[in-house]
Protein chains: 2
Amino acid sequence: MNKKLSKKEMIIAIAGEYFSKYGYDATSLEAIAKVCDISKPAIYYHFKDKAALYETVLLKRFSELSKIIEQNTILENPKENLTVYIQTFGNYLIEAPCFSAIFAREIANDAKSMPDSCVIELSKTLQSLTSILESGKKKGIFECENPFMIQMMVVTTLTSYISTKMLRKRVFNVLGESDKAIDPNIEDVIENLSKKIIKALTC
Amino acid sequence: MNKKLSKKEMIIAIAGEYFSKYGYDATSLEAIAKVCDISKPAIYYHFKDKAALYETVLLKRFSELSKIIEQNTILENPKENLTVYIQTFGNYLIEAPCFSAIFAREIANDAKSMPDSCVIELSKTLQSLTSILESGKKKGIFECENPFMIQMMVVTTLTSYISTKMLRKRVFNVLGESDKAIDPNIEDVIENLSKKIIKALTC
DNA sequence: TCCTACTTACTTATCGGTAAGTAAGTATAT
DNA sequence: ATATACTTACTTACCGATAAGTAAGTAGGA
């Protein structure tokens with residue numbers, strides 16, 4: 001682990017946290033600068049504008065994600081491959097919870113702030129999923145499907161679950177249930193989800 | 001259909017469109033006022049502040065939703081009842097697309113802008129779902145489940161699908177596919193989703 | 001006349017972004 | 001070895017725009 005990030009790397013890291021916590025609009029560059037212990041215009045030295053900083057933060061994650069998904073979904077067995085797809089996606093979201101929240105926001109916002117570069121990377125992951133589903137269909141294992149919908153089921157279920165810790169607490173409070181007893185950790189949710197998706201898709 | 005809404009009702013309707021399109025932060029009361037052909041302070045005559053307007057918009061929908069779900073999920077057969085739950089939820093989101101987008105944003109935002117009154121109504125819908133699942137479990141039809149996760153699967157898949165028309169277009173563009181051919185309408189997505197959920201949950 | 005439903009004109013606060021300047025380091029010519 | 005020219009990585013001070021919200025005044029109906 002690097003004990004010393006460059007200022008630029010630090011801006012990217014802190015910006016990720018802010019965009020994740022508050023969303024694009026409600027994130028103030030002044031606030032990011034303050035945490036980085038620099039002035040706001042110093043951000044403009046490294047990045048053209050707010051949108052460019054956002055793109056840098058986001059593209060880094062989307063590129064990593066599409067790359068590891070492509071590298072991992074290489075199994076012959078479609079069911080196993082689909083499990084790997086969901087697990088890989090899920091584990092990446094756990095490792096990068098900031099990304100998960102930003103991703104969830106972007107989907108809710110019809111990706112209006114998402115630059116084309118990121119849409120291209122996202123499309124690659126959908127392409128990987130589509131290949132898996134088609135391979136399974138050819139082998140008579142999976143039913144004919146709309147890959148985008150399956151992608152949505154996987155991605156939004158996971159990002160939402162990761163992002164809604166407080167909401168779950170509030171809901172369980174209203175229902176008078178102990179949240180500890182009923183609230184599983186996210187690793188379990190991923191495993192549960194992948195089993196359900198496989199079951200739902202199998203002929 | 002009422003051909004004449006009161007000014008207050010008109011503010012609520014237009015505010016719903018703006019909150020849905022731009023989110024809470026990026027919605028300007030000035031813009032809402034302009035469309036309603038009144039001045040901005042006229043909004044303050046009817047509502048304490050922006051948050052109160054938002055709560056009014058949101059609570060109206062959440063109350064309606066929890067009410068019709070409670071009214072409709074009264075079947076004996078757990079499978080049929082779960083289908084009704086998903087269909088009712090989905091149809092309401094179709095009828096109120098503004099609400100769907102706001103809902104999606106709130107989930108992505110961990111419901112940080114959602115007032116307690118709305119969380120209570122949301123909890124009622126979760127309670128309905130929990131009853132259905134438990135009834136199915138007792139009858140040996142459904143497997144043991146985490147209702148919140150199932151709720152998330154249903155709600156986020158639908159709200160996201162409804163909200164991401166442009167994103168789908170961009171993704172299909174990147175992949176070089178004709179979006180018309182592959183993009184089903186939302187009614188079909190609801191039916192498809194409910195079948196899949198049933199299949200995934202059945203023992 | 002007085003309440004309802006506003007309008008006009010304003011304040012305060014915050015944002016993204018820019019202009020201009022500067023300390024510290026580096027490459028190069030002499 | 002050192003003076004010169006230049007770059008890197010910032011800072012201070014500020015601008016224009018826009019937002020939420022408010023104080024005070026007013027038209028019109030009961």
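Chain identifiers are assigned alphabetically (A, B, ...) following the order of the sequence lines, protein sequences preceding nucleic acid strands; residue numbering begins at 1 within each chain.
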Original post:
Quick one: CD1 on Ile86(A) to CG on Asn192(A), what's the gap to the nearest 0.5 Å?
Top reply: 11.0 Å

Original post:
In this structure, are over 12 heavy atoms from other groups packed under 6.0 Å from Glu76(A) atom CD?
Top reply: no

Original post:
Taking C-beta and beyond as the side chain, do Leu193(B) and Tyr161(B) meet within less than 4.5 Å on heavy atoms?
Top reply: no

**OP:** Enumerate the residues from residues 46-58 of chain A whose closest heavy atom to DNA chain D is under 4.0 Å, giving them by residue number; use none for an empty result.
**Re:** His46(A)

Original post:
Sequence neighbours excluded, which residues qualify as side chain to side chain contact (heavy atoms under 4.5 Å, CB included) partners of Ser100(B)?
Top reply: Leu93(B), Thr159(B), Ile162(B), Ser163(B)

Original post:
Quick one: are the ring centres of Phe47(A) and Tyr54(A) less than 6.0 Å apart?
Top reply: no

**OP:** Using only side-chain N and O atoms of Tyr45(B), determine if any of them is under 4.0 Å from OP1 or OP2 of dC6(C).
**Re:** no

**OP:** Using salt bridge (charged side-chain N to carboxylate O under 4.0 Å, His left out) as the criterion, list what pairs up with Lys7(B), not counting sequence neighbours.
**Re:** none

Original post:
Just checking, Arg61(A) and Phe103(A): is the charged tip under 6.0 Å from the six-membered ring centre and within 45° of the axis?
Top reply: no

Subject >> Salt-bridge criterion met for Lys165(B) and Asp110(A) (N-O under 4.0 Å) >> reply: no

**OP:** Evaluate the side-chain proximity of Val57(A) to Leu53(A): yes if any heavy-atom separation is below 4.5 Å, no if none is.
**Re:** yes

**OP:** Heavy atoms of chain B, cut-off under 4.0 Å: which first and last nucleotide of DNA chain D, 5' to 3', fall inside that, if you could look?
**Re:** dA19(D) to dT22(D)

Subject >> Separation of atom OH in Tyr18(A) from atom P in dG16(C), rounded to whole Å >> reply: 12 Å

Subject >> Within residues 26-41 of chain B: residues closer than 4.0 Å to DNA chain D (heavy atoms) >> reply: Thr27(B), Ser28(B), Leu29(B), Lys40(B), Pro41(B)

**OP:** Take Glu70(B) and Lys67(B) through the salt bridge (Lys or Arg N to Asp or Glu O under 4.0 Å) test and state the conclusion after the steps.
**Re:** CA-CA 5 Å; Glu70(B) 205 185 351; Lys67(B) 197 177 152 195; over 6 Å; no

**OP:** Decide yes or no for Asp116(A) and Val174(B): does some side-chain heavy atom of the first lie under 4.5 Å from some side-chain heavy atom of the second?
**Re:** no

Original post:
Relative to the ring of Tyr24(A), is the ring of Phe19(A) parallel (under 30°), tilted (30 to 60°) or perpendicular (over 60°)?
Top reply: parallel

Subject >> For atom CG of Asp25(A) and atom P of dT14(C), their distance in whole Å >> reply: 17 Å

Subject >> Terminal axis angle for the helix from dT1(C)-dA30(D) to dT30(C)-dA1(D), five pairs an end, nearest 10 degrees >> reply: 10°

Original post:
Below 4.5 Å, heavy atoms only, C-beta onward: do Glu191(A) and Lys195(A) meet side chain to side chain?
Top reply: yes

